[in-house]
Amino acid sequence: MFHALEIERFRGFAKLSAEDLGRVNLIVGKNNTGKTSLLEAITLLANPGLIQSLPGLFRANAGFVDERFYRWLPKHDAAEAETVLSAQAQRETRRVVLVKGEAGNPAWPMLESAWQGKELALWCSKDLRRLDVHAVSVQHRSPDALVDAFAESVRAPEDERQMEALLNAVDPRIRSLRLDAVASKPFIVVDVGLRERIPLSQAGQGIYRLVAILSELLGNKPDICFIDEIENGIHHSALPTVWNGIAEVAARLDIQVFATTHSRECLIAAHEAFAARDPYDFRVIQLYRVGDAASGRTLDRRHIEAAIAGDIELR
């Protein structure tokens, strides 16, 4: 798990230090403060090889990525040629350095070349263990599309038991989930203690979205999970269910989560979900602009509670 991050001359960041990270981290800030850029930096620190997937991971990929994407990763008004990303984990320090053009080895010891593009070269710490990362889709899955993801996530009996245990921890009414079919068309049904199982679409928006998220996480089993604009398509009344489920799956499956939001209701729901758990393994990364550069800070429980009580703007 990443405990601290430091970003220098990346995208809109001149320098950003984020310390005391939690298992689940919610990134807040106004538009154009660098929320998606921070997710991109964490992706490169987790697995530098994903730089080739980065153009379409969180943003629309318009093609011509050398001119429209890679050349914009280094901060353009920085005099220095190098972009430096660092992450501190329990037993290691990870470093990724982006060098403009076809430059040779940057002035850092213990680095190896990992990727060379037309506009940019990437170097990283030697023998860096590649972490599995997964970006959860913010798009609402149709019942038909969700069937495939769910079937993949419960293919192993242990995963099926894990899915049911996670959902039961959030909503004790839920006993099991199964695939059913009408006219050979499969759909997901859930046992909530009624006379017969009901379609998942009738179990409530919070449970529906939670099953979608859990299906992706159990199917992919990442080390780090990204959820961009987590509140997208979710009514505020369903947010506590979703956050309770994320807290449960992150702890049980040993996943570190980085999510973004524009919603104060989403932030409050997340805080309340973790306030009911021990330990309180939740942090807010607040991003803001200072002049023409993006910056930020990490907020722990005491600062989050003070901000909520004082109605301080965190978005």
Side-chain angles (χ1 to χ4, degrees), residues 22-28 35-36 39 58 133-143 145-147 149-150 153-154 159 162-177 188 190 192 198-222 224-277 279-285 301 304 308 314-315:
R23 177 161 298 285
V24 177
N25 305 272
L26 184 60
I27 305 167
V28 303
K35 294 187 294 296
T36 303
L39 298 185
F58 302 109
V133 302
H134 180 67
V136 172
S137 173
V138 300
Q139 302 300 322
H140 182 79
R141 284 182 176 269
S142 68
L146 183 54
V147 164
F150 173 77
S153 71
V154 297
D159 288 338
Q162 187 81 271
M163 171 75 81
E164 293 174 353
L166 288 165
L167 290 169
N168 181 260
V170 176
D171 188 338
R173 298 176 305 154
I174 298 177
R175 301 176 182 179
S176 65
L177 281 86
I188 303 169
V190 55
V192 292
I198 63 173
L200 178 64
S201 58
Q202 304 301 312
Q205 187 185 37
I207 293 298
Y208 187 95
R209 181 62 184 272
L210 186 56
V211 170
I213 293 174
L214 295 182
S215 294
E216 291 198 47
L217 294 183
L218 286 170
N220 290 276
K221 295 181 175 62
I224 295 178
C225 166
F226 300 113
I227 312 177
D228 201 9
E229 297 184 7
I230 188 172
E231 79 283 3
N232 190 24
I234 304 178
H235 191 268
H236 67 86
S237 62
L239 288 170
T241 298
V242 173
W243 276 114
N244 283 324
I246 290 173
E248 193 71 24
V249 71
R252 291 200 189 198
L253 301 187
D254 196 24
I255 297 171
Q256 188 170 26
V257 176
F258 292 90
T260 69
T261 187
H262 288 282
S263 165
R264 182 177 179 83
E265 292 82 6
C266 183
L267 186 153
I268 293 173
H271 164 67
E272 291 176 347
F274 283 90
R277 302 176 66 88
Y280 181 90
D281 209 355
F282 174 67
R283 299 292 185 271
V284 168
I285 303 174
R301 178 173 184 170
I304 294 169
I308 292 175
L314 291 178
R315 292 171 292 181

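Scope of the values below: all heavy atoms of this structure, side chains included, with no hydrogens, waters or symmetry mates. If you're wondering where the values come from, they're calculated on a predicted model, not measured in any experiment. One is the number of the first residue; the rest follow in order along the sequence.
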Side chain to side chain contact (heavy atoms under 4.5 Å, CB included) between L177 and V154: does it pass, once the steps are laid out? CA-CA 10 Å; L177 281 86; V154 297; over 6 Å; no
With rounding to the nearest 0.5 Å, note down the distance linking [atom1] in [X] to [atom2] in [Y].
X	Y	atom1	atom2	result
L239	H236	CG	NE2	8.5 Å
L217	I227	CG	CD1	6.5 Å
E216	H134	CD	NE2	3.5 Å
I304	R283	CD1	CZ	7.0 Å
F282	L26	CZ	CG	4.5 Å
E231	H262	CD	NE2	7.0 Å

Is there a side-chain contact between L253 and L218, using heavy atoms and a 4.5 Å cut-off?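 Side-chain contact under 4.5 Å: yes.
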Within the 4.5 Å heavy-atom criterion, are I230 and I246 side-chain neighbours or not?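 Yes; the side chains approach each other to less than 4.5 Å.
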Taking L167 as the fixed residue, which of V190, T241, L210 is the one that meets the side-chain contact (heavy atoms from CB on, under 4.5 Å) rule?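 Testing each of V190, T241, L210 against L167, the sole residue satisfying side-chain contact (heavy atoms from CB on, under 4.5 Å) is L210.
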List the steps, then state whether side chain to side chain contact (heavy atoms under 4.5 Å, CB included) holds for S153 with D159. CA-CA 7 Å; S153 71; D159 288 338; 6.0 Å; no
Can you give me the closest heavy-atom contact between Y208 and S201, atom names plus distance?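 So the minimum-distance heavy-atom pair works out to CD1-CA, 4.0 Å.
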Hey, mind stepping through D281 and V24 against side chain to side chain contact (heavy atoms under 4.5 Å, CB included) and telling me if it holds? CA-CA 6 Å; D281 209 355; V24 177; over 6 Å; no
Counting only N and O atoms by type, is there a donor-acceptor contact under 3.5 Å from the side chain of [X] to the main-chain atoms of [Y]?
X	Y	value
N220	P222	no
R23	V257	no
Q256	G22	yes

Tell me, please, which residues at least two apart from T260 pass side-chain hydrogen bond (donor to acceptor under 3.5 Å, both in side chains).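 Scan of T260 (side-chain hydrogen bond (donor to acceptor under 3.5 Å, both in side chains), adjacent residues dropped) gives D228.
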Let me see the working for V192 and I207 under side chain to side chain contact (heavy atoms under 4.5 Å, CB included), right down to the final yes or no. CA-CA 11 Å; V192 292; I207 293 298; over 6 Å; no
How are the rings of Y280 and H271 set relative to one another: parallel (under 30°), tilted (30 to 60°) or perpendicular (over 60°)?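 It falls in the perpendicular class, over 60°.
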